[in-house]
There are 2 protein chains.
Amino acid sequence: MTPATPSGSRSLDHPDRDDIRLAEVLHALADPVRLRIVCAIAAADGELNCADVALPVSKSTCTHHFRVLREHGVIRQIYRGTAKMNALRRADLDALFPGLLDDVLRAADLEVRRLGDG
Amino acid sequence: MTPATPSGSRSLDHPDRDDIRLAEVLHALADPVRLRIVCAIAAADGELNCADVALPVSKSTCTHHFRVLREHGVIRQIYRGTAKMNALRRADLDALFPGLLDDVLRAADLEVRRLGDG
DNA sequence: TTCATTGTACGAGAATCATCGTAGTTTGAC
DNA sequence: GTCAAACTACGATGATTCTCGTACAATGAA
């Protein structure tokens, strides 16, 4: 079949830094499943396999959420063998929205503790 | 005499602090129109009339966006005569999500400058 | 080659959302 | 009582979103 991408590699579309918009980043983060994904990547302090995040949704839905995060500029995805590694776009996000990502991560952590303790 | 707040029909539902959720706050902020509203209220440094925010949407849509912000815990709305005054729930948001609101406001301001200058 | 692993593509259904116009309500002023 | 101002309620519409299952593709290993 006709390969959609140059042979030997699979490429993924990422927005340039200048094309990242605050409202879209907030929208990407405004979902419980995606918040968990972002927290998991941050906790891994580097790259993380899609399958390494335990999520209460199907595989297709998982793909969907990772794509939303990528298309809105929150994460960067790179193929490595059969796996797809995910990393936060920290440099870009910190440059555009200083402090925002860290505060969201901290707020998510605080909320988990708050609700967990009942 | 007339109480400070109407006791009967003109009350508005606000979530308690403990019922405010990060994902919902992010969702409330993840809309360009609502982002402008929040920035305008912050710039007014206090209460702001609904009609005092210039928005590119109809009056009904305006009502809708203010309600989303209120129901998700971002703003507090109080009737004063025929007007409805709006204020940010700074204390609640800062307690739950330290730094988040300020960073969003700053990021919104930075983005306006960035896109405005081309 | 054959196979398991990993993730995608393609619908599809149910829910939510942003937007509007029109009609109505509440309040304060005259 | 009458009127204008400010906002709401309702219904509708078109778009987006979240979710899923099934079928498929790319890769690395046996």
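Since the model is a prediction, treat every value here as computed from it, not as a measurement. Every chain is numbered from 1, with letters handed out A, B, ... down the list of sequences.
Taking atom OH of B:Y79 as the reference point, atom C1' of C:dG28 lies 15 Å away to the nearest angstrom. Going from atom CD of A:E47 over to atom C1' of C:dT6 covers 16 Å, rounded to whole Å. A:E24 has its CD atom 16 Å from the C1' atom of C:dA18, to the nearest Å. At whole-Å resolution of the value, CD1 in A:I75 and P in C:dG7 are 12 Å apart. Taking atom CE on A:M85 and atom C1' on D:dT27, their separation rounds to 15 Å, with Å as the unit. Distance, B:L69 CG to C:dC17 C1': 14 Å, rounded to whole Å. Nucleotide D:dA6 holds its P atom 16 Å from the CD atom of B:Q77, rounded to whole Å.
Of the charged side-chain nitrogens involved, at least one lies within less than 4.0 Å of a carboxylate oxygen, so that A:D92 and A:R76 count as a salt-bridged pair. Ion pair A:D103/A:R106 flagged as a salt bridge, since at least one NZ, NE, NH1 or NH2 atom sits closer than 4.0 Å to an Asp/Glu carboxylate oxygen.
Residues satisfying the side chain to side chain donor-acceptor pair (under 3.5 Å) test with B:D102, not counting sequence neighbours, are B:R90. Applying the side chain to side chain donor-acceptor pair (under 3.5 Å) rule to A:R21 yields no partners; only residues at least two apart in sequence or on another chain are considered. With sequence neighbours excluded, no residue forms a side chain to side chain donor-acceptor pair (under 3.5 Å) with A:R67.
Residue A:F66 is classed as having no contact, given no heavy-atom separation below 4.0 Å to the nucleic acid.
Judged purely by atom type and a 3.5 angstrom limit, A:H14 uses its side chain to pair as donor or acceptor with the backbone of A:L12.
In this structure, A:D16 and A:R89 approach most closely via the heavy-atom pair C-NH2, 4.1 Å.
Side-chain contact annotation: B:S58 with B:T61, donor-acceptor N/O pair under 3.5 Å present.
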Quiz: residues 28-40 of chain B side-chain donor-acceptor pairs under 3.5 angstrom, not counting sequence neighbours:
unit_1 : atom_1 : unit_2 : atom_2 : d
B:D31  : OD1    : B:V33  : N      : 2.8
B:D31  : OD1    : B:R34  : N      : 3.2
B:R34  : NE     : B:A28  : O      : 2.6
B:R34  : NH1    : B:H65  : ND1    : 3.1
B:R34  : NH2    : B:H27  : O      : 3.3
B:R36  : NH2    : B:A54  : O      : 3.0

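Taking the nucleotide of DNA chain D with the nearest heavy atom to each of A:R80 and B:N86, the more 5' of the two is matched to B:N86.
Within the 4.0 Å cut-off from OP1 or OP2 of D:dC7, at least one side-chain nitrogen or oxygen of B:N49 is found. Contact between the side-chain N/O atoms of A:R67 and the OP1/OP2 oxygens of C:dA9 is found at a separation under 4.0 Å.
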With the criterion being N/O to N/O and under 3.5 Å, what pairs connect the protein with nucleotides 1-3 of chain C, and how long is each?
none

Polar atom pairs between nucleotides 17-21 of chain D and protein, under 3.5 Å, N or O only, would you list them?
unit_1 : atom_1 : unit_2 : atom_2 : d
D:dC18 : OP1    : A:R34  : NH2    : 3.1
D:dC18 : OP2    : A:R34  : NH1    : 3.3
D:dC18 : OP2    : A:H64  : NE2    : 3.1
D:dT19 : OP2    : A:H65  : NE2    : 2.4
D:dC20 : OP2    : A:S58  : N      : 2.7
D:dC20 : OP2    : A:S58  : OG     : 3.3
D:dC20 : OP2    : A:T61  : OG1    : 2.8
D:dG21 : N7     : A:S60  : OG     : 3.0
D:dG21 : O6     : A:S60  : OG     : 3.0

